[in-house]
Amino acid sequence: MNIILFGAPGAGKGTQATRLVDQRGMVQLSTGDMLRAAVSAGTDLGVRAKAIMDRGDLVSDDIILGMIVERMDSPDCAQGVILDGFPRTVAQANGLDEMLQARNWSLDHVIEIQVDEAALFARIENRAAETGQVREDDNAETLRKRLDVYHESTAPLLPFYSDKGLLRAVDGMAGIEEVGRQIDGILG
Ligand code: AMP
């Protein structure tokens, strides 16, 4: 089963993906985590991506698609994956379609975690405290930019997947367990 967890920055995609990994043994592919790993490792890609991520912009579609293709062809992804933070543009969604078709794989569900944007600011500010990890893009100014980028480049994917009959929504303002239950109800 291949699914996309969709939603604005801070909606809880990573939290819910981790839950699915723990409870169902699914494999999570987070492009944000892959990029942060490249930044930590100090690779050429990491050095280039860091400045883009710090200002809340999107890394180029070519780089992202290259990373995803390489990762999806790993043996552990053969049973399906949770895509977290990808696709984020129409070009990435088209690239994903081509990639899946070429492998005869299907996309089973696109789950939108819906949130109230005002609440996201409080949540992002708490994230560092809750996880003990400090992300340089977790501040109000960068979040504003990331939300603008979300509306401009990523939200147009909602009708794209709705037209394909794949889109389902869950209430991201509910507690983590309740959101998880709603996702379980969709996945069966
Ligand atoms: P995330 O952890 O998903 O919020 O991603 C953190 C940052 O990594 C984003 O703000 C972007 O700069 C970059 N990024 C992650 N995924 C993508 C993607 N699919 N396309 C472009 N940029 C991405």
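A quick note: this is a predicted structure, and the numbers were derived from the prediction, not measured. In each ligand, atom 1 is the first atom listed, and ligand 1 is the first ligand listed.
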Per-atom contacts, ligand 1 versus [X] - under 4.0 Å to a heavy atom:
{"X": "Gln92", "value": "18 (C), 19 (N), 20 (N), 21 (C)"}
{"X": "Arg146", "value": "4 (O), 10 (O)"}
{"X": "Thr31", "value": "15 (C), 16 (N), 17 (C), 18 (C), 19 (N)"}

Do ligand 1 and [X] have nitrogen or oxygen atoms that lie under 3.5 Å from each other?
{"X": "Asp33", "answer": "no"}
{"X": "Ile52", "answer": "no"}
{"X": "Val59", "answer": "yes"}

Where on [X] is there a heavy atom closer than 4.0 Å to ligand 1, on the side chain, on the backbone, on both, or on neither?
{"X": "Leu58", "answer": "both"}
{"X": "Asp57", "answer": "backbone"}
{"X": "Lys13", "answer": "neither"}
{"X": "Leu35", "answer": "side chain"}

Other residues, nucleotides, ligands: >12 heavy atoms within 6.0 Å of [X] [atom1]:
{"X": "Asp76", "atom1": "CG", "answer": "yes"}
{"X": "Glu178", "atom1": "CD", "answer": "yes"}
{"X": "Gln23", "atom1": "CD", "answer": "yes"}

- To the nearest 0.5 angstrom, please state how far the SG atom of Cys77 sits from the CD atom of Glu70.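 Cys77 SG to Glu70 CD: 11.0 Å, rounded to 0.5 Å.
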- Query: Does Met34 reach ligand 1, in the sense of a heavy atom lying below 4.0 Å from it?
  - Reply: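 Judged by the 4.0 Å heavy-atom criterion, Met34 does not count as contacting ligand 1.
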- Query: Which of these passes side chain to side chain contact (heavy atoms under 4.5 Å, CB included) with Met1: Val81, Leu187, Ile82?
  - Reply: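 Exactly one option meets the side chain to side chain contact (heavy atoms under 4.5 Å, CB included) with Met1, and it is Leu187.
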- Using modelled atom types only, decide if a donor and an acceptor are shared between the side chain of Lys145 and the backbone of Asp57 within a distance under 3.5 Å.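 Looks like no, no N/O pair under 3.5 Å.
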- Apart from Val149 itself, which Ile, Leu, Val, Met, Phe, Trp or Tyr residues share its cluster (side-chain heavy atoms under 4.5 Å, direct or through members)?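 Same cluster as Val149: Leu58.
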- Message: Restricting to non-hydrogen atoms, name the atom on Phe121 and the atom on Ala140 that form the minimum distance, rounded to 0.1 Å.
- Response: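 Minimum heavy-atom contact is CE2-O, 3.6 Å.
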